[in-house]
Structures are given as C-alpha cells and as structure tokens.
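Take a look at the structure below.
Note: hydrogens, waters and symmetry copies are ignored here, and every other heavy atom, side chains too, is used. Letters A, B, ... are given to chains in the order of the sequence lines, protein chains preceding strands, and every chain is numbered from 1.
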Amino acid sequence: MLKDVTLGQYFPGTSFIHRLDPRTKLIATFVYIAALFVAKWYVSYAVVLALLIVCITVSGIKPSAFFRGLKPILFIIIFTAVINLFATKGGTVLWNWWKLTITSAGAQLAFLMVARIMLLITGTFLLTYTTTPMALTDGLELLLEPIKKLGAPVHEFSMMMSIALRFIPTLIEEADKIASAQKARGADFETGSLTERAKALLPLLVPLFVSAFRRADELAVAMEARCYHGGEGRTRMKKLTMCPADWATLIGSGVFLAGIIVLARYGL
Amino acid sequence: MPVIKTESLSHVYGAGGPFESVALDNVNIEIPQGAFVGIIGHTGSGKSTFVQHLNGLLAPTSGRVLLDGEDINADKKRRHDTRFKVGLVFQYPEYQLFEETVARDIAFGPRNMKLSKDEVSARVREAAFFCGVSEDLFERSPLELSGGQKRRVAIAGVIAMRPDILVLDEPTAGLDPAGCAGILKNISDYRAATGATVVLVSHSMEDVARIAERLIVFDEGRVVMDGSPAEVFSHTAQLRAIGLDIPAAADVAEKLRALGVPVPDGCYTVEQLRDAVLALRKEGGTC
C-alpha cells in the first residue's frame, strides 16, 4: 500500500551526477526549472528534454524508476490536460459537442503544459534520486548562509528538514507494520464506503501518531544528552568542496539557461 | 494431514528494484495439528517473513501456503478468513494498541469477525484470563499501562479471535525475565486449554529450548535444520557457524563432556542438566 512512495528515495551510485556537490545540483536544478518556465515552444522543450535524457543516462538510474515516480501525480497531469484542452480559446475548432469545444490552441497548450509538468517532476527526481537527503539539506544550509546574517534560523530550519526527511522511511515502515498487525486482527483497509474506509484508518493512525510523538521525544532527549544547542559555532563532519567538475556544471547550466532564453526570444 | 504446509515457498523483497533481496528460498515445511514449533534464526534469516506468509499478510513470490490442505491465497475471501484462523502476534505488539479502553482493544479482532455482542465480550474476558490481564484494567486506556501489561493486552487481542494456530513473533523481546516466563506460561496454558497449534519465533535459545517440541532453524532464507530440540542443539558447531547461540545448559553440558564427564546427550535446559548431573553424582562419578 505504501510501497509506491518514492519521495526522497535515493538510488546509490557513483556516476558523474552522484559525485557532484549537492550545492551544484541544487543550483542546476533551479536553473533547469527556470529554463522550463522560460521555454515557449517545441524547440525549447525538445532541448530541455534532450538535456534531461542525457542526464538520466549519465546517472545510470533505470528510466522505469522515473516513470514510477510520475504515477502518484497522474491525476494532476490529467486534470491539467483536460482544463487546458477545454478552457483555451483560439485557433481552429477541432471538435465540438454541446458546450465543449477543443481548439487547436487548446490542444497545443494542453500538450505543452503536460510536457512541462512531466519534465519538471522528472528533473527534480533526478536531484533526489542521486543525492542523499543529508547531503541535500547540508547543501541547502550552505546555500542559505547569506540569509543567516539577517537573523533567519537557517541551521534550525535545515536540521528540521533533515530530521523530517530522515523519518519519512521510518514512519512508512512503521505504518506498514501497524497496518499488517491490524490486518492480522481482521482490519480491512480496502473495501467499504468512503466513510467506512476513513474509519478503518483509525487503528492505523492512532498508533502511528503515538509512536511519532514517542520518537520525537526520544530524539529530543538524545540530542540534548549529546549537548546539541543549535547552529552557533557548530563544525561539520563532512566538509563540502566544489571541484572543477562542479564549476563546469554550473557554467554549463548558465549557458543552457541563456540558450533557452534566446530561443524563447525568437518564439521557438 | 498437516494443518499448515508450505510448498517450495519463496519470497523476494523489492523484486527488480535497487535493493532486491531474497528473504525466503524454497521453504518446505509441514506442521501437524497441535504441534508446538519453535523457529529460530539470527536477524534477517527470513523467520519473520516466513510467519507473515502463514496468515496471508505476505503473498509468496512463488510457491504455496496450504491451510488444512487449501491454498490460503486462492482468493481474497479465503485470505481474509485465514487471518482469524491463524492468529499472528507481531514483534512489539504493544505498538498496535489504539482503542480508548483495554476491553475495546482486545475486542477489535472479534468485532471484525462480526460476532454477536455477547460473544465478543465473552471472548474478551476469556482472552484476558489466558493472558493474565486483570478485569480491573478493562476500562483503562491501553496507552497508560506498563510495557509488560501492554504486551499482554496486545497478545490477548489476537487470542480473542480464538485462532486454531497461534503464531508469535518474538513475544518476549525486551521484557524482564519474570515477564518473559509469564508470557511463555500464558502461551502454554492457551495451548493446553484449546489444543491450538503454536508457532513461536525467537532468537532466545533459552525460551524455545524450554517450551518448543520441535525446532526449525532458518539461515539466509532457507531451512537448515528441522527436528526435536535435542537433535538441533546437538549440532553445536553448525549452530555457531550460522551465528546462533546454544542454550547455556547445553553449553555447560558440552564443556563438561570435554572435561571427561559423561553427561548424556539431550541436556539443553537447566532442569535436565541438573537432573543428569545429580544422577551422575549418585553413581559416584567424577562430579
């Protein structure tokens, strides 16, 4: 039941992309997303798609993993496609029935919007698939260093994030275990009306919350017992360093974004 | 006819994914009605995966699980019904308690069986009795009990379904010696009173040596030994090779033998060893 959750799943590997500094990957991903929103027409999309395919090939992760990740957002994709398909006016009318009309402009927009969402999700998956959650939050904390000077609790924020990420698999496993235990007592999570099913979740949610609070409590005590007191004067176990490959990747991303901007200028 | 039988049962976790692992590999086991079987193996040997197949919580990757000669995974209804016949107590079962009162929590299983109200409350009282849960606790919240009491309430929740086969995964883990002995006694009492078949998973050799009549040893998803405790504990070297300990009494017996004391085979509980040594002294032996 909960096996489909791929959020934050890391695929171990040693590819070029795996070895990049998390900061580089974060910046490159933001550049990629920016490029995706700048992109106007098929040529730009094709360039973005080509880059994504190259990166996925280099990462050595099976493409099927990316398709599996798209499954949970299938509803959003279909919803976007349908809204754009019927709500866009302009161009020639392709199909008409009662109040529903599909125009050529609508079909094009629907196609591009779906392509944009899929490219967006797949691209960000590449980041989480090749970077451990710990490296990711470390990278984010360092990138947000400037805001720290303004008094924002960057370290606390990134600590919260890494704890949250760290406990997602634990909680999923726990939920699975509790669900199995309740199923062993004849609980049925799969049949019945919507209200019945919502009620059936109670034997799962109550123990899950109890254990989440217990874990939070234990973790807080364990951290205090080891004298954790926040970010002030704290050194790192793993120092992140930018290699020439990282700088090259950043320059490459910049060139890529510039290219997409130029293409968009010409309406391609 | 065996009450439970597995035919070339195999299970693979995350097949095709990056973390694929074979948890069970061609397991063939027959358990006769009324048996008391202990399953031992170190962490990750596949014993927990195995017991989750017995009530259909996990479906085999290949092979079959037969209950009274019929495949439990034949259809959805049979799988659902199997869960009431094969009661499975998970590891740390106290983490599954959720109801407002102890009585309601124990009644969760019987209620899912769609039994009448009177029948449900009769079963709650019966199960509480078997597990040593006092009726004074019935209206308390299960979350405010002590660890040992919670464990008893959770086991009562499974026993209340009156399963023909009771499967327990590490029921004594994390309890103090008195708590362990109490729970093992409750299990024996339940079996004596109802004639149920019991399958007990444990990595505590002392526990299984004391109460099981037959031992099955798992290693890396395969059954490596299957026999009476005396047989299994005589393969000391092989048990140690797969990372298992032998009961302290069997260890002492072995060391005595090495010193030239003729301790007979099949001494694996403290009581047996005591009797054997006393018998030797009477004969005027070396002790």
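- Summarising the local packing, CZ of A:F111 is surrounded by 12 or fewer heavy atoms from other residues, nucleotides or ligands at distances under 6.0 Å.
- Between the A:R19 side chain and the A:T14 main chain, a donor and an acceptor come within less than 3.5 Å of each other.
- Other residues, nucleotides and ligands place no more than 12 heavy atoms under 6.0 Å from the CZ atom of A:F30.
- Using a 4.5 Å cut-off between non-hydrogen atoms, the part of residues 107-130 of chain B that approaches chain A consists of B:F108, B:G109, B:N112.
- Residues of residues 139-149 of chain B that come closer than 4.5 Å to chain A, counting heavy atoms only, are B:L143, ordered by residue number.
- Ring pair B:H80/B:F84 is perpendicular by interplanar angle, where above 60° counts as perpendicular and below 30° as parallel.
- For B:Q91, the CD atom is densely surrounded, since the number of other residues' heavy atoms within 6.0 Å is greater than 12.
- Of all heavy-atom pairs between A:H18 and A:S15, the closest is ND1-OG, 2.7 Å.
- Although no hydrogens or angles enter the test, the distance criterion places no donor-acceptor pair under 3.5 Å between the side chain of A:H229 and the main chain of A:E224.
- Considering all non-hydrogen atoms of both residues, A:A179 and A:F189 come closest at O-CE1, 3.7 Å.
- Only the side chain of B:F90 has a heavy atom closer than 4.5 Å to any heavy atom of chain A.
- The backbone N or O of B:C131 sits less than 3.5 Å from a side-chain atom of B:R152, completing a donor-acceptor pair.
- Shown here is B:Y92, whose OH atom has no more than 12 heavy atoms of other residues, nucleotides or ligands within 6.0 Å.
- Within 6.0 Å of the CZ atom in B:R104, the count of heavy atoms belonging to other residues, nucleotides or ligands does not exceed 12.
- Between the side chains of A:Y45 and A:R116, at least one donor N or O sits under 3.5 Å from an acceptor N or O.
- At a heavy-atom cut-off of under 4.5 Å, chain A is reached by B:G157, B:V158, B:M161 from residues 155-174 of chain B, listed in order of number.
- The closest side-chain heavy-atom distance from B:I31 to B:K5 is not below 4.5 Å.
- Proximity to chain A among residues 43-57 of chain B is limited to B:Q52, B:N55, B:L57, judged by heavy-atom separations below 4.5 angstrom.
- In this structure, the side chain of B:T6 does not engage the main chain of B:L9 through any donor-acceptor pair within 3.5 Å.
- Using modelled atom types, one finds no donor on one side chain facing an acceptor on the other under 3.5 Å when comparing B:N73 with B:R64.
- When heavy atoms are compared at a cutoff of 4.5 Å, B:D81 does not approach chain A at all.
- Put simply, the side chain of A:T24 reaches to within 4.5 Å of the side chain of A:M242, judged on heavy atoms.
- Looking at A:S211, neither its backbone nor its side chain comes within 4.5 Å of chain B, counting heavy atoms on both sides.
- Looking only at distances, no side-chain donor or acceptor of A:T131 sits under 3.5 Å from a matching main-chain atom of A:L136.
- Residues B:Y13 and B:H11 place their aromatic rings such that the two centres sit under 6.0 Å apart.
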